[in-house]
Amino acid sequence: MHGSFIWHELMTPDPEGAKAFYCELIGWGTEETQMPGFTYTSFTLPGFSSGVAGMMPLMPDMKEQGVPPNWTGYIAVDDVDAMAADYQKAGGTICRPAEDIPGIGRFAVVADPQGAVVCIMTPKMPEGGTGEWPQPGSVGTVGWNELMAGDWEKAWDFYSARFGWEKDMAVDMDAMGIYQTFKLGDRGIGGMMTKRPEMPMPYWGFYFIVPAIDAAVAKVEELGGNVLMGPHQVPGGSWIAACQDPQGAYFNLTSGSR
């Protein structure tokens with residue numbers, strides 16, 4: 001599992017509002033688990049034995065630190081403590097030291113040397129295995145993970161050395177530069193490019209698969225969200241759109257159909 005994106009999680013100031021928005025937009029159901037001090041929501045899909053994404057409230061200490069509403073990705077690693085230390089040694093930052101989630105695994109929040117934040121996790125279930133995690137490719141799952149880097153070539157050297165990613169197709173975006181896709185084994189999992197100057201900082205973004213892009217972006221606006229870019233077609237034929245939910249978190253949609 002090392003190097004795979006295994007989970008995606010929304011932090012929001014309004015869980016009930018976000019739940020209504022995403023369940024209507026993407027077709028998710030929900031399961032809730034009471035944690036110390038808050039309720040954790042797992043988003044579910046028919047045919048999946050476990051959740052496909054999660055949600056938790058943006059806690060007061062996070063707000064005080066200036067953390068905005070956001071979607072975060074979790075990358076599986078063999079040893080989360082060792083990887084966090086390696087991040088720091090290579091010029092990254094440990095934003096939240098490694099800690100256990102009982103019955104799930106051990107995770108840490110880290111930032112690469114250019115500032116893009118992601119979670120790393122070593123899954124460990126009570127029975128000793130790594131558990132079942134959502135497999136991308138189906139409608140309602142995250143189908144693509146995208147890094148807007150300060151300098152994509154330096155970011156590539158950093159991530160490939162740690163997660164075993166390999167370069168896939170490189171797309172020349174003219175004035176915007178190269179968009180480098182990457183894979184783990186034989187499965188394409190994401191892409192990266194140097195961010196546009198107006199973007200305040202490097203970040204990871206995530207693409208949810210929907211049946212048809214036009215209906216999905218219309219639904220975003222109907223439900224009170226914002227469509228920031230698109231829909232437009234990308235190399236390979238997929239359609240994408242960049243959006244913001246009513247609570248302020250950014251996300252993307254993708255579909256093979258208009």
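Values in this document were obtained by computation on a predicted structure and should not be read as measured data.
For the 3.5 Å distance criterion, the side chains of Thr72 and Asn70 qualify, holding a donor opposite an acceptor. Checked by atom type, the side-chain pair Thr39/Gln34 shows a donor-acceptor distance below 3.5 Å.
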Run the side-chain contact (heavy atoms from CB on, under 4.5 Å) test on Met56 and Met62 for me, step by step, so that the C-alpha distance in whole Å, both residues' side-chain angles and the decisive distance to 0.1 Å come before the verdict. CA-CA 12 Å; Met56 63 176 290; Met62 299 175 186; 4.1 Å; yes
Dump the intermediate steps for side-chain contact (heavy atoms from CB on, under 4.5 Å) on Ile104 and Trp7, then the final yes or no. CA-CA 12 Å; Ile104 302 294; Trp7 193 245; over 6 Å; no
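Residue-environment remark: CG (Asp61) exceeds the threshold of 12 foreign heavy atoms within 6.0 Å. Around the CD atom of Glu32, the shell of radius 6.0 Å holds more than 12 heavy atoms that belong to other residues, nucleotides or ligands. Heavy atoms of other residues, nucleotides or ligands lying less than 6.0 angstrom from NZ of Lys19 number more than 12.
Within the 3.5 Å criterion, the main-chain N or O of Asp14 finds a donor-acceptor partner in the side chain of Thr12.
Pairs engaging residues 179-200 under the ring pair (Phe, Tyr, Trp, His ring centres under 6.0 Å) rule: Trp165-Phe182 [sequence neighbours left out].
Cluster note: Met229 groups with no other residue, as no ILVMFWY side-chain heavy atom lies under 4.5 Å from it.
Aromatic ring pairs are classed by plane angle as parallel below 30°, tilted from 30° to 60° and perpendicular above 60°; the pair Tyr22 and Phe251 is perpendicular.
Each of Phe208, Tyr250, Trp204, Phe206 was compared with Trp71 under the ring pair (Phe, Tyr, Trp, His ring centres under 6.0 Å) criterion, and only Phe208 meets it.
Relative to the six-membered ring of Phe158, Arg162 meets both conditions, a distance below 6.0 Å and an angle of at most 45° to the axis.
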